[in-house]
Amino acid sequence: MTSGAVIELAGVTKVYGGAGPAGVRALRGINLRFRPGQYVSIEGPSGCGKTTLLNLLGLIDTPTEGEVRWDGVNVADGSERERARFRLRSIGFVFQRFYLLPTLTVRENVELPLRPLLRGRAERRARAVELLESVGLSARAGFYPSQLSGGEEQRVAIARALVNSPALLLADEPTGELDSDNAGKVLDLLEALHRERQTTLIVVTHNPEVARRARRHLTLRDGRVESDVREGETT
Amino acid sequence: MSERERRGGRKPGALPGILAVVAMAAAITLPVVLLSVGGGVSSHEIARLQASGYQIVVSGPGTAGIDLAHQRVGQIAAIPSVGAVSPTLTRPLDLRGPGGRWVPLLAEGIIPSAYYATLGSTASQVFSAPPNLGDPTDMIHYQNGSYAGPVSPDVLVNTTLAQADHLTVGDSVTLAPAANGSGAVTYTVTGTFNVVASLFSTSGNYGIYLPLSNLQVLTGLARTGPGPGGLLDAADSIHVGLTGTASTSPTQIARVVAALHALLPYYGVSTLSQEASQLEGAASILNGFYLVLSSVGLAIGFVFLTLVLVRRVEAERREIGIRRALGLPSRSIAATIVARAVLLGGAGALLGVASGIGTVTVLARVGSAPVQAASRLAVFSPVQLIALGVGALALAGVASAFAVRRALRLPLPEALR
Ligand SMILES: Nc1ncnc2c1ncn2[C@@H]1O[C@H](COP(=O)(O)OP(=O)(O)OP(=O)(O)O)[C@@H](O)[C@H]1O
Ligand SMILES: [Mg+2]
């Protein structure tokens, strides 16, 4: 587990659909640096490149130009297999839509990333239950996702994202489909877990409440960083 | 989009899977039926030829085309390596039993001991040794080139006929040349024989045996004609058996065939080994043909399975995307798809083998007579069945490779969208 790494985007450009004039330049020359344990919000109008940025940070996609560095090492140029291993060990995702597997129970969903990591079945189960307890859903362990409310589903997704103790937790509009009550609960939870585990937390959001809670506020526009505001200071 | 819509109606359900299994099963059924029945019939025919007690058949032109049958026996027996010589004549007759009913049937005229010597192992169990038809050499009646001696009015009837007409040994029956009741002669039933399916065709149910000379006289084929030495003494064919190791030696058989050609230049001479090898050739051509037919079926099953698997992957695009995004190894994602393919392919193969065997069993019961007869001979070779199963699994493996490729090639950001 890579905890406490400094994560950097250096000269990152992402072009969709080839280099020609038809290509969409979703990100243009992004340079960012995240210290371990930071709580960052990313805002910006629709289509400005927020999801693209998150996908690059999470090694789900690779940049057209530039590097994604963990403690100075470019981790984006590895093979698909190497990036998958890296995701498995060091990164947690919470998607806008909860993206639980409908054929697995809540506990099995949370256990899923542990399968290649932990040999012992009992060990995996204990770890999953522990995470479900921390999101207040241990009573729902045997349920299927379709039997949960939206807020509960998202809390399960958070438990799954954290089960491998990732150094980096990425969330793409985690409250996008929740009412304000549930959104508040999910945010409280994210925040508490972030504080407890010193995980770097990067949240894409349209929700001013999230932005208020974060310590660093990035705003994107047309694939560029428009502003980067830290608690009390402007850069 | 409401949450309910998002959750419901994405899985394709069990139907395509069931269809894939059925398609695979249908594809396997055909070769199981074709190979088992085809192989059964030809191996039965080949075995029948190989178990036969003679190796060479001399035949005259047309029916009853051989003359001087009794005399030929001695001539042919004089050829080195020849151990048994049996002329036979087959003619239609009418028989009237004690019940008074006229039954049309086929009578086989034989020289009892000569006939017995050319029977194969199965056939020799059907008759006593020699068949109980008066003089074993049939020389009492046929003497010195004329039909002078006492008639031996003995007849063997098959058990089916005996049952139907309540005939038992010792009964008197009347025999007449077909459609000619006036030439009727009274015979005594001296024995019965079983109609063994591997030995007689269905016409065996209408068969009786008489001494050769008796049948010749009854049917006008014994004529001592007006010309010099104008004796007919007719037969249809002469079976020639070789002694000991000569019977399986192609060169010895060829030598005897050449001697027969020299002795009987106008008669046809064929060997069973020729027939057997022709049959074997035909059988292997048929098998190849069946395999081509079957592979067309398998190809269709394969395409169907591939489509179902790929469709399934597309329907599960997002779930596969999630697994990949979480960083689960490709191996585990591929394993799920391969396992599903093997399950569908294996279930299809099992079902196909079962339905193939079922089809043959049903055909053996309810088909038309020739279909029933052929189906009863079916041989289910475990090697062939296993090969078919392995083939189906291999096809499933290849089909799953397409689906796995599709699952792992899809760009992750798109799979998650
Ligand atoms: N796979 C793709 N192919 C082509 N263009 C793409 C692709 N993915 C994203 N884009 C484009 O890249 C730009 C940035 O997309 P992105 O999804 O990062 O926006 P976003 O900031 O997350 O928007 P939203 O707030 O609506 O989610 C958009 O113009 C989008 O149309
Ligand atoms: Mg987005």
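These numbers were taken from a predicted model, which means no experiment stands behind them. Letters A, B, ... mirror the listed sequences (proteins, then strands); counts begin at 1.
Neither the backbone nor the side chain of A/L56 comes within less than 4.5 Å of any heavy atom in chain B. With a 4.5 angstrom heavy-atom cutoff, B/L416 touches chain A via backbone and side-chain atoms both.
Taking all atoms of both residues into account, the shortest heavy-atom contact from A/I60 to B/L412 is O-CB, 3.7 Å. When all heavy atoms of B/L328 and A/P113 are compared, the pair lying nearest together is CD2-CA, 4.2 Å. When all heavy atoms of A/F93 and B/A325 are compared, the pair lying nearest together is CE1-O, 3.7 Å.
A donor-acceptor contact shorter than 3.5 Å is absent between the side chain of A/Y99 and the backbone of B/E319. Checked by atom type and distance alone, the side chain of A/R87 pairs as donor or acceptor with a backbone atom of B/R324 at under 3.5 Å.
Separating the CG atom in B/L326 from the CD1 atom in A/I91 is a distance of 11.5 Å, to the nearest 0.5 Å. To the nearest 0.5 Å, atom OG of residue B/S330 and atom CZ of residue A/R81 are 7.5 Å apart.
The environment of B/R317 atom CZ is dense: over 12 non-hydrogen atoms of other residues, nucleotides or ligands sit within 6.0 angstrom. Environment of OH in A/Y16: crowded, with over 12 heavy atoms of neighbouring residues, nucleotides or ligands closer than 6.0 Å. Remark: A/D222 CG is loosely packed, at most 12 non-hydrogen atoms of other residues, nucleotides or ligands lying under 6.0 Å away. Atom CZ of A/R28 has more than 12 heavy atoms from other residues, nucleotides or ligands within 6.0 Å. Environment of CZ in B/F380: crowded, with over 12 heavy atoms of neighbouring residues, nucleotides or ligands closer than 6.0 Å.
Within the structure, the salt bridge (charged side-chain N to carboxylate O under 4.0 Å, His left out) test picks out the following pairs touching residues 397-415 of chain B (sequence neighbours left out): B/E314-B/R406.
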Any chance you could lay out the side chain to side chain contact (heavy atoms under 4.5 Å, CB included) test for A/R160 and B/I322, step after step, and finish with the verdict?
CA-CA 11 Å; A/R160 184 178 67 187; B/I322 295 167; 3.7 Å; yes
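Heavy-atom proximity under 4.5 angstrom to chain A picks out nothing from residues 300-307 of chain B.
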